[in-house]
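Taking it in order: structure first as structure tokens, then the write-up.
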Amino acid sequence: MHCLRTTVTRLQPLRTAQTAKNLSQTRPLMLERDLRMCQPVRCLSTSVAAEPFLNGTSSNYVEEMYYAWLENPRNVHKVCMDWLRVIWTKSPTSVYRFEEFLQRKWSSEKRFGLEGCESLIPALKTVIDKSSQSGVESVIMGMSHRGRLNVLANVIRKDLEQIFCQFDSKLEAVDEGSGDVKYHLGMYHRRMNRVSDRYITMSLMANPSHLEAVDPVVQGKTKAEQFYSGDTEGKKVMSILLHGDAAFAGQGIVYETFHLSDLPSYTTHGTIHVVVNNQIGFTTDPRMARSSPYPTDIARVVNAPIFHVNADDPEAVMYVCNVAAEWRNTFHKDVVVDLVCYRRNGHNEMDEPMFTQPLMYKQIKKQKGVLQKFAEKLIAEGVVTTQYYQEEVVRYDKICEDAYSRSKDEKILHIKHWLDSPWPDFFTLEGQPKTMSCPSTGISEDDLSHIGSIAASVPVEDFTIHGGLSRILKGRANMVGQRVCDWALGEYMAFGSLLKDGVHVRLSGQDVERGTFSHRHHVLHDQNVDKRTCIPMNHISPDQAPYTVCNSSLSEYGVLGFELGFAMASPNALVLWEAQFGDFHNTAQCIIDQFISSGQAKWVRQNGIVLLLPHGMEGMGPEHSSARPERFLQMCNDDPDVFPVNFAVHQLHDCNWIVVNCSTPANYFHVLRRQILLPFRKPLIVFTPKSLLRHPEAKSSFDDMLPGTHFKRIILDDGPAAKNPEKVKRVVFCSGKVYYELIRERRNRNMDAAVAVVCIEQLSPFPFDLIKLEADRYLNADLVWCQEEHKNQGYYDYVKPRLRTTINRTRPIWYVGRDSAAAPATGNKHTHLVELQRLLDTAFDLNAFSGKC
């Protein structure tokens with residue numbers, strides 16, 4: 001049986017006789033021309049109703065709408081004067097004239113106009129109006145550059161003068177950061193919807209040029225708003241994603257986003273996808289851009305209904321969008337609207353498309369614009385007069401001219417006016433932190449004991465856990481009794497204390513419920529009852545915030561983007577994404593580079609997302625050793641040649657993100673709590689351990705987590721070397737797991753008094769002030785940077801110039817570690833151990849650098 005998943009409408013629909021003939025055929029009718037050129041015809045067999053295409057729903061809904069259209073489109077549309085006037089109010093008048101106005105005023109500026117698909121605007125308005133009537137209160141949108149200014153002006157209702165002033169090259173930027181081009185900026189607006197007479201909030205997310213990268217970010221923010229508003233079925237908050245045909249078919253993130261659509265912890269209960277199918281990707285024809293007949297075939301993986309509609313027919317477009325909105329708001333599943341259109345200009349307004357598509361653009365030049373065609377239709381049918389049409393054009397042109405005049409009064413560019421996710425109660429009215437201090441991140445002994453007891457228990461009756469897990473919980477109880485905690489228990493203390501204070505915590509990623517290294521166990525599974533689970537963290541306090549811990553799909557790009565979007569919705573939540581191994585984060589590099597590291601600089605948008613990246617040379621081979629810290633450090637914005645004036649909170653405020661490599665459970669506990677207690681939000685990158693999870697020395701006392709304690713930016717040497725600093729011959733600076741290996745080696749060599757070891761926990765922003773104190777304390781010692789990573793990787797290139805600035809270049813900084821290499825680690829265990837011993841030998845050879853400059 002043929003499964004109905006794709007429906008087509010066209011400018012001149014099939015007549016009833018044609019319909020009856022076509023429906024008697026048993027196979028789809030394929031045109032002789034290449035179907036990838038989107039010929040908008042598809043005839044379906046009569047047996048389509050035999051196979052429902054969405055579990056739990058019925059295919060009859062879409063089929064009835066489709067067949068009703070084929071039999072008599074005018075009956076479906078209920079075409080009358082009032083209906084056509086409604087369409088006229090949403091017609092491309094303002095859309096077309098807006099683009100024409102921009103072209104007339106700034107003919108040499110890139111704007112990525114919407115000419116050729118002006119029906120997108122009435123399509124979006126129809127979806128929003130219909131959804132608002134169904135009870136939707138918030139719509140979150142994501143799109144690329146094509147038509148973005150038009151959407152901002154005519155859908156989101158951004159003031160025209162604010163858009164026009166973006167074209168002024170003399171406009172000065174007042175906000176900190178780089179800013180971004182006008183067709184990347186977002187917007188947040190709450191207004192009255194005149195169709196439903198209800199207020200609706202609309203947010204268009206800022207995004208980079210990386211096509212489709214914003215998709216999972218939109219979904220994450222949508223999920224968060226649904227979560228915070230108690231919208232468990234997606235009836236109040238929804239998302240709309242706009243795509244280009246080439247990107248929709250070509251970018252893998254589209255599939256990753258679809259793949260999240262029905263997962264329990266990631267579903268947004270249906271998204272409306274609108275594809276601007278102009279049948280070309282920059283200069284590439286569809287026959288070269290995809291292997292599937294339609295660009296929307298990717299949506300078949302989730303059995304989403306797909307509507308192909310002629311974008312030159314606003315009447316058909318509005319009908320299809322009404323059906324799509326009703327589908328989403330009825331069944332809460334994804335739906336796709338494919339606007340088959342064209343691109344009147346080149347990729348941008350200064351691009352020449354005739355170089356590569358000469359015949360196509362000869363035809364396009366002959367094509368009347370949708371406004372002209374639709375106006376002629378309405379005038380011919382007596383819906384409007386020629387005079388009325390001309391008056392409407394003059395009226396909108398005057399609106400644009402008036403806004404253009406006002407835009408000349410704008411002298412300063414405020415990027416904050418383009419915020420897509422404002423936090424009005426978190427900052428001052430000027431958008432600044434309410435304070436520049438951070439309270440102690442410690443908690444009371446009672447809280448530590450209580451949370452620890454929860455972590456060591458099964459707070460549900462008649463629940464049978466695995467025998468191995470019983471031993472783990474018993475071990476936790478023993479640690480609580482001894483007033484110490486390991487890494488997993490320190491994390492439990494941080495999460496539990498924040499939840500107790502009403503802060504939502506969400507931990508997502510591959511295998512995070514148990515933990516890649518079987519250390520976390522935040523979700524317990526009954527050994528006798530299938531799918532019966534228990535999350536002890538949700539049993540800390542009756543009035544606590546909910547704890548969400550969810551194993552993700554095997555995706556980094558999509559899931560990290562989703563969590564980034566989730567963290568945008570509220571500053572009062574700790575949102576964490578953990579990589580299975582830190583090595584795997586690079587498949588999400590686009591989210592890291594374009595959103596996380598530079599998001600605030602480009603869009604004045606703060607975000608407190610936390611990345612947990614397991615890192616460490618354990619002899620596990622090139623792909624299970626390195627989270628590539630050098631890449632994160634290379635993107636830090638602090639100047640290596642400038643010794644800062646203010647430290648601690650001020651330094652954190654000025655950085656673009658925080659990079660730490662915690663070596664103690666207490667420090668990990670503090671840095672997670674600090675992330676919420678800071679008066680602003682910055683992304684936090686944490687290189688987490690592997691072998692240290694069970695290292696006997698990697699434990700912290702409750703004393704290091706009590707009130708008055710803080711995160712330690714560096715861990716000082718508190719042994720014999722610190723008592724007699726003048727006798728110290730060498731100071732070894734390091735970070736991470738190698739700290740414990742250095743301490744053990746120093747102990748074995750009886751060199752505790754001769755060598756001081758200092759562990760840098762916060763790499764960025766760099767603790768210049770504390771490092772200077774240590775360097776000045778050990779004036780007779782040579783200074784060494786030691787790392788287990790290869791010389792061209794790890795921290796060395798970041799740390800060396802900052803250490804030199806700290807000591808004013810008065811002493812050399814020596815390197816101890818592995819030699820430069822292409823791969824992050826060796827795959828041979830013996831080689832790994834030899835390399836480790838070699839670097840330890842060098843670190844404690846006090847003559848290793850004698851005679852060297």
Side-chain angles (χ1 to χ4, degrees), residues 441-501 503 505 507 511-529 532-549 574 576 578 612 614 662-673 688-707 709 740:
T441 47
I443 61 176
S444 69
E445 179 97 24
D446 289 343
D447 284 343
L448 290 170
S449 298
H450 174 65
I451 297 169
S453 66
I454 295 294
S457 67
V458 183
V460 176
E461 294 182 358
D462 300 323
F463 195 97
T464 305
I465 61 175
H466 190 274
L469 188 54
S470 297
R471 291 190 294 272
I472 292 174
L473 297 187
K474 184 178 179 180
R476 288 180 181 175
N478 290 337
M479 283 190 288
V480 173
Q482 297 168 12
R483 300 184 66 255
V484 298
C485 64
D486 61 4
W487 192 270
L489 192 53
E491 180 182 76
Y492 220 106
M493 299 295 190
F495 289 0
S497 58
L498 291 173
L499 292 167
K500 186 174 181 294
D501 292 339
V503 176
V505 178
L507 174 62
D511 312 297
V512 297
E513 295 179 3
R514 190 202 73 171
T516 300
F517 311 101
S518 195
H519 68 288
R520 182 173 287 125
H521 296 287
H522 283 187
V523 178
L524 310 182
H525 293 259
D526 194 309
Q527 299 297 295
N528 299 322
V529 182
R532 186 186 184 207
T533 60
C534 169
I535 302 177
M537 196 86 76
N538 279 323
H539 295 263
I540 291 175
S541 174
D543 55 351
Q544 69 170 79
Y547 174 51
T548 302
V549 55
L574 183 67
L576 310 95
E578 182 176 67
L612 305 179
C662 299
S663 57
T664 70
N667 242 10
Y668 181 48
F669 162 85
H670 284 296
V671 80
L672 292 178
R673 285 184 50 78
T688 57
K690 292 176 284 188
S691 62
L692 295 189
L693 296 174
R694 295 175 176 83
H695 197 290
E697 295 183 16
K699 293 183 179 179
S700 297
S701 168
F702 281 12
D703 292 337
D704 296 326
M705 304 161 73
L706 294 176
T709 57
Y740 289 93

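In this text, all values refer to a predicted model and were calculated from it rather than measured experimentally.
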* **Residues in side chain to side chain donor-acceptor pair (under 3.5 Å) contact with Ser470, at least two apart in sequence or another chain** => none
* Residues forming a side chain to side chain donor-acceptor pair (under 3.5 Å) with Ser444, sequence neighbours excluded -> Asp447
* Asked: Which residues pass the ring-ring contact (aromatic ring centres under 6.0 Å, His included) test with Tyr547, sequence neighbours left out?
  -> Phe495, His522
* Structure fact -> Contacts of Asp526 meeting side chain to side chain contact (heavy atoms under 4.5 Å, CB included) (sequence neighbours excluded), chain-then-number -> Phe463, Thr464, Asn528, Val529, Arg532
* Set of residues satisfying side chain to side chain contact (heavy atoms under 4.5 Å, CB included) with respect to Pro536, sequence neighbours excluded -> Ile454, Pro459, Tyr492, Leu524, Cys534
* Asked: What residues form a side chain to side chain donor-acceptor pair (under 3.5 Å) with Glu445, not counting sequence neighbours?
  -> Arg483
* **Contacts of type side chain to side chain contact (heavy atoms under 4.5 Å, CB included), residue His466, not counting sequence neighbours** => Leu469, Gln527
* Asked: Hey, is the main chain of Thr516 close enough, under 3.5 Å, to the side chain of Glu578 for a donor-acceptor pair?
  -> no
* Could you go step by step and tell me if Val505 and Leu576 meet the side chain to side chain contact (heavy atoms under 4.5 Å, CB included) rule? -> CA-CA 8 Å; Val505 178; Leu576 310 95; 3.9 Å; yes
* **Residues in side chain to side chain donor-acceptor pair (under 3.5 Å) contact with His450, at least two apart in sequence or another chain** => none
* **For Arg514, all residues meeting salt bridge (Lys or Arg N to Asp or Glu O under 4.0 Å), sequence neighbours excluded** => none
* Structure fact -> Applying side chain to side chain contact (heavy atoms under 4.5 Å, CB included) to Thr709 and not counting sequence neighbours gives His670
* Asked: Residues in ring-ring contact (aromatic ring centres under 6.0 Å, His included) with His539, at least two apart?
  -> none
* **salt bridge (Lys or Arg N to Asp or Glu O under 4.0 Å) pairs, two or more places apart, involving residues 452-476** => none
* To do: Measure the shortest side-chain to side-chain distance between Arg694 and Ser518 over non-hydrogen atoms and say whether it is less than 4.5 angstrom.
  => yes
